[in-house]
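Here is the structure we will look at, set down as structure tokens.
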Amino acid sequence: MKVDRTLIASITLHVLVLGWGLISFAARSFEVPEESLPVDIITTDQLAKMTAGIKNGEKDKPKPLVEKVAEAKPIDEAVGKVTEKEITTSTAPQPPPKPVEKPVEKKPDPPKQETKPKEAEKKPDPAKVDPIAEALKSEDAKKPKPKPTPQEAKAAPPQPPKPKQERVFDQSKIAQLLDKRDPTRQSLTGAALNSNAALGLHTGNSQAIVATWKGAFVAAVRRCFTFPYNGQDADQFEVDLDINLNQDGTVAGQPAIVGVRGPSRSVGNAMAESARRAVEQCQAYAFLPKAQYDTWKYIPMTFGLKDLL
Amino acid sequence: MSKAPFVDRRRFMMVTGGLAVATLGSRSALAQGRIRVDPNSFQPIPIAIPNFVSGGPADGDAGAGVTQVITNNLKRSGLFAPIDQAAFIERNINFDAMPNFQNWKTINAQALVTGRIARQGDGRLKAEFRLWDVTSGQPLAGQQYFTAPEYWRRIAHIISDQIYERMTGEKGYFDSRVVFVDESGAAERRVKRLAIMDQDGANVHYLTKGSDLVLTPRFSPSSQEITYMEFGQGDPRVYLYNIETGQREIVGNFPGMSFSPRFSPDGQRIIMSLQQGGNSNLFVMDLRSKSTTRLTDTPAIDTSPSYSPDGSQICFESDRGGRPQIYVMSANGGPAQRISFAKDDVNASYSTPVWSPRGDYIAFTRQGGGQFAIGLIKPDGSDERILTSGFHNEGPTFAPNGRVLMFFRDPGGNAGPSLYTIDVSGRNELRVPTPGYASDPAWSPLLS
């Protein structure tokens, strides 16, 4: 009977341990494969999408012309109402004149800007002299502040040091300075958004790349992975590397070379060392989401030489 | 009673152990969703090679010279990108101390080569080098060599080979030489001399005086001998030339012209073409017994034979099908199989086939469409690839490791031919410096 008890005890203990092992190991193992699949898909898509995005961007180069117009108009809309346009237009001598005259009329018609980019550009030339002169005259007479601003668009900081402004009202100056900065930013961002909106959305697929940490991780490691091999059998070489990472994205210990495949053992070994170097050289991978540390604290990787030829 | 339960327990342990192993196995199996990384493109390895430290003031130039030769070798291979010394943070290297790897990481070096050259009391030169993994700080290779001071270049080539092999996993080819036909003078009265040089174009020596026309020199794979064809007083003959002694002899005593010789892989035989009327056939001669064996007997021109590295097969050029094409047959003769079929040009012809020392490819010259191209084809006739094409490219020869081809290119007009190298991948085409015009190169095996 005594024997039976010990047997039973040992059986129960082993079952418990085994059960725990099965559950815990199984739970961890399931996590890994979940996100591993999208990597391959993303990498292939990325290339196609990225190139497509670039092509579109090049084709739409004429839009930069629109940017100038766009800058002027949004400035008018955003800033013109709030403050004086002189300040906002200070970024570029050409745009300022338009905002003064056209803001009120063309504000509601943003689409027209796209249709008449060239016209808008042509118009400013003749109009430049008149509006600027008028604006300067009228505004100069009113306030001395505009003068410093038109001189240098991005010289917002240098303006404050000028004695004239300080002599007037500090508070009002501050408010104006703030206004100036805001409109310039808005105009720039607005222009950028406009130009990118049509093209950039396509290139926006880059988000898909970075969307998963694996895509970013692959891109980071690939940057350092240089293994020049001339043979026509390059795609037959593969190296498996197991990597443990710390929470700060640094590599914990040395990456373990767990598999080398290929027609030549010596080349495979050299490639494995090259892969290990790449992982260590490109650390730390600080961009990895710390909240998901459990998913990337251990990363099994395979290095290959596809598309090397 | 007490034994039975013990056995049971043991069996139980084995079962549970097996289950545990199975669990771990399943884990690794489940983890097969590995993240795959392939290189962005073909990129050379960034490597830092600071000047070798000199043992004394008398050795000043040797250190810089060795460093320069190593740098040049690795750079020309196309597999390494030596970092400009101007970018180095650390200049004064202490060969006996551990390098400060952070300084080399900063300039993105993956590998670092340090070395020292010093003249010994007996007049010999002592050269030491170490190859470091900059990322891990581990030494990858290290050697020291002794030699006469005038052979410092050879030391540099040997060190280059060590670095190449350690970083790429393949044998290098820097400690090798090239025999070629040096050409000088006007086009209509071109003087052709047999010349030999290091694979990088240095140390050129002339083996013949240029009084007679020489063609198709070929290295012996096992000794310091060259076989070539020379137009002497009578018919052109195949000669054997010993580089070390300067002695030469006629290979065989045949009526008519003998040409296009090449050594067998063991260096014991020479295979060549013998003219018989308007035709030529392949013969092989044993250099020891002087016995000659006929390999082909066709009413056609069979020439340019080349052994496979294992000596079991021969590739050669023949016009038995109309145009010159490449054929493969047993080294003992017998039926030959044509392997060259230009799919895009039925009028193309193939010549000068040469078997890679790796055995995987046969290099050739292809003529068609007014162009001469250098290409590769597998011995079974598949996977034909053109590496370079132009007005006139001809006469490929493999580097000892089978990864690089050297050939000569003639631009036409009054200019003469020059030697070029190109990777078997078609990348990294480079001109090989020669004192004058040069053609018909033949790469030696590794000297060491």
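All values reported here derive from a predicted model rather than from experimental measurement. Throughout, a chain's letter reflects where its sequence line sits, starting with A, and its residues are numbered from 1.
- Figure legend: cation-pi geometry between B/Arg385 and B/Tyr361, with NZ or CZ positioned under 6.0 Å from the six-membered ring centre and within 45° of its axis.
- Heavy-atom pairs under 4.5 Å with chain B peak, among A/Ala270, A/Pro228, A/Cys224, at A/Pro228.
- Residue contact with chain B, scored on non-hydrogen atoms closer than 4.5 Å, is absent for A/Arg265.
- Proximity to chain B is absent for every atom of A/Val239, based on heavy atoms less than 4.5 angstrom apart.
- Residues A/Phe303 and B/Arg34 have side chains not in contact (no heavy-atom distance under 4.5 Å, counting atoms from C-beta outward).
- In this structure, the portion of B/Asp133 lying under 4.5 Å from any heavy atom of chain A is its side chain and not its backbone.
- Interface remark: B/Leu376 contributes no atoms to any contact with chain A (heavy atom separation under 4.5 Å).
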Legend entry - Stepwise side-chain contact (heavy atoms from CB on, under 4.5 Å) test for A/Tyr229 and B/Ser425: CA-CA 9 Å; A/Tyr229 180 71; B/Ser425 60; over 6 Å; no
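- Looking at B/Pro44, the atoms closer than 4.5 Å to chain A (heavy atoms on both sides) all sit in the backbone: N, CA, C or O.
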Inset, instruction - Any chance you could lay out the side-chain contact (heavy atoms from CB on, under 4.5 Å) test for B/Met167 and B/Leu140, step after step, and finish with the verdict? - result: CA-CA 9 Å; B/Met167 297 298 291; B/Leu140 295 174; 3.8 Å; yes
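- The backbone N or O of B/Leu446 lies less than 3.5 Å from no partner atom in the side chain of B/Asp175, so there is not a single donor-acceptor pair.
- Relative to the ring axis of B/Phe42, B/Arg427 places its NZ or CZ within 45° and under 6.0 Å from the centre.
- Counting heavy-atom pairs closer than 4.5 Å to chain B, the top-ranked of the candidates A/Met271, A/Arg223, A/Glu273 is A/Glu273.
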